[in-house]
Amino acid sequence: MSMSSCDVFFDAPRSLPPSLFDEHAWRAKDGLTKNVYVRVRPESGCHIRLSDGTSTNEVPLGVPFFFESELFRGTAMLRLRDVPGSQDVDGDRAYFKGRKRKFRFVVTGEFKKPTRFSDIWTGQAWDRALLQLPPRWLVELGVSVFRRIARGLRADFSSEKPMALSLLASTMQTVHAHSAEESRQLLASVEAQRQLPWFVCPTADVPEHLPQLTERLGRTQVSPRKRKTALMNPEGMASDLYFQPGTVYSFDAYQGVFDAHKYVLDVGAGIVVDISKHLDEQCIEVMATNGNDEYAWCFEIWHKNVLTNKNA
């Protein structure tokens, strides 16, 4: 299924929620009960391997982890502000201090086959209608806020298959294509990936560097803002550029709208939306997909309120 600017549609397969009685999901390593559980989407074909070689379905917070899917392999790290269970509480504190950010996902790795920039989408796609939508003006306000992050956002929250999707290459806060020599070193060693600055130093951001785009535009450097504008249209320049196997890419995604700890959207002007009431036992995802039921990655962020607020 190919998604165009006129018809962005991803038929998200249903993901069964974790049980509230699953102690593994809702109990931290220190034995305390937690409200947020992050896992690999079961149907995504994505697998996590920890540094000790063991596999897990739960996404570790605050530390880098290796994963592989049908489309991608690499190292990722997820930081969620104020969410208990992080394995690097000090790093979280350092990263979020003095910033409005509430979420950070950074990933470094390789696409396993040539893939057009215009074929990889990120965002949210649900398999059934949302419940008790807020007033139209508030929905439109929320969409406008997210368009500041993802300029090419295609959103439809009122359909039977709600979604909010944009191209990965135009959505990430920064994108970095590593040199051929760097890529060889990083692909030869997962440990080398884990030693990149943004995995070692909590406050290090991924620097913008996308030679494919700078060469296409005839410039020496292109800012993240200009990259987002240039690649927002799937029928434009994004359709001519490829993620190539053998080249390692790093993506940095951060924002201050979604608060996983409270499971709310802070859209500004003092307006906070409790999204757990509207998702009908569905969740927020961190994902990238080609829309053909293939994922580069897909991690689900569940909150107990999603499972208890359905009829609230």
Side-chain angles (χ1 to χ4, degrees), residues 3 7-22 25-26 33-39 41-44 59 78 80-84 100-103 105 121-166 171 253 255-287 289 291 298-312:
M3 297 186 289
D7 181 24
V8 181
F9 181 79
F10 174 49
D11 191 7
R14 182 168 187 175
S15 180
L16 295 177
S19 169
L20 283 172
F21 302 102
D22 184 350
W26 304 109
T33 300
K34 58 184 182 180
N35 290 326
V36 175
Y37 172 54
V38 187
R39 71 178 184 183
R41 184 183 178 103
E43 306 86 355
S44 68
V59 175
L78 178 64
L80 301 173
R81 188 170 198 149
D82 297 330
V83 170
K100 295 181 179 180
R101 301 176 189 179
K102 298 179 176 70
F103 165 102
F105 177 70
W121 297 79
T122 187
Q124 307 301 317
W126 297 284
D127 81 313
R128 57 189 182 278
L130 302 178
L131 301 175
Q132 304 170 8
L133 282 175
R136 183 181 180 88
W137 68 267
L138 183 52
V139 173
E140 291 178 350
L141 174 61
V143 170
S144 69
V145 169
F146 276 106
R147 283 205 171 114
R148 297 174 196 166
I149 303 171
R151 294 194 177 186
L153 181 70
R154 273 71 169 174
D156 181 358
F157 293 110
S158 60
S159 72
E160 291 301 310
K161 298 279 188 177
M163 58 84 186
L165 297 168
S166 57
T171 304
Q255 47 83 14
V257 180
F258 172 58
D259 184 335
H261 175 56
K262 300 177 181 177
Y263 227 68
V264 300
L265 298 181
D266 183 350
V267 297
I271 301 173
V272 177
V273 180
D274 181 355
I275 55 176
S276 68
K277 298 178 180 179
H278 308 295
L279 290 177
D280 191 17
E281 295 187 340
Q282 301 174 105
C283 70
I284 296 296
E285 294 181 335
V286 181
M287 67 88 159
T289 178
C298 190
F299 308 120
E300 300 179 330
I301 303 176
W302 290 94
H303 195 288
K304 279 188 174 181
N305 288 354
V306 174
L307 307 179
T308 57
N309 277 352
K310 179 178 179 180
N311 299 312

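Here the structure is a predicted model, which is why all the values come from computation and not from measurement.
- When the shell of 6.0 Å around NZ of K102 is examined, it contains more than 12 heavy atoms from other residues, nucleotides or ligands.
- With sequence neighbours left out, the side-chain hydrogen bond (donor to acceptor under 3.5 Å, both in side chains) criterion links Q124 to no other residue.
- Side chain to side chain, T122 and T171 fail the donor-acceptor criterion of an N or O pair below 3.5 Å.
- The minimum heavy-atom distance linking H261 with H303 is given by the pair O-NE2, 3.0 Å.
- Side-chain atoms of T33 and K304, non-hydrogen and from C-beta on, do get closer than 4.5 Å to each other.
- Side chains of I275 and I284 form a contact here, defined as non-hydrogen atoms less than 4.5 Å apart.
- Taking the charged nitrogens against the carboxylate oxygens, K161 and D127 have no contact shorter than 4.0 Å, which rules out a salt bridge.
- A25 approaches K34 most closely through the heavy-atom pair O-CE, 2.8 Å.
- A donor-acceptor pair under 3.5 Å is absent between the side-chain atoms of Y263 and the main chain of F258, judged by distance alone.
- Residues that satisfy the salt bridge (Lys or Arg N to Asp or Glu O under 4.0 Å) test with D259, not counting sequence neighbours, are absent from this structure.
- Contact detail for A253 and F103: the closest heavy-atom pair is O-CE2, 3.9 Å.
- Ring geometry for F157 versus W126: interplanar angle of 30 to 60°, hence tilted.
- With sequence neighbours left out, the side-chain hydrogen bond (donor to acceptor under 3.5 Å, both in side chains) criterion links S158 to D156.
- Counting only heavy atoms from C-beta outward, the side chains of F299 and L78 never approach each other to under 4.5 Å.
- Taking all atoms of both residues into account, the shortest heavy-atom contact from V264 to D274 is CG1-CA, 3.9 Å.
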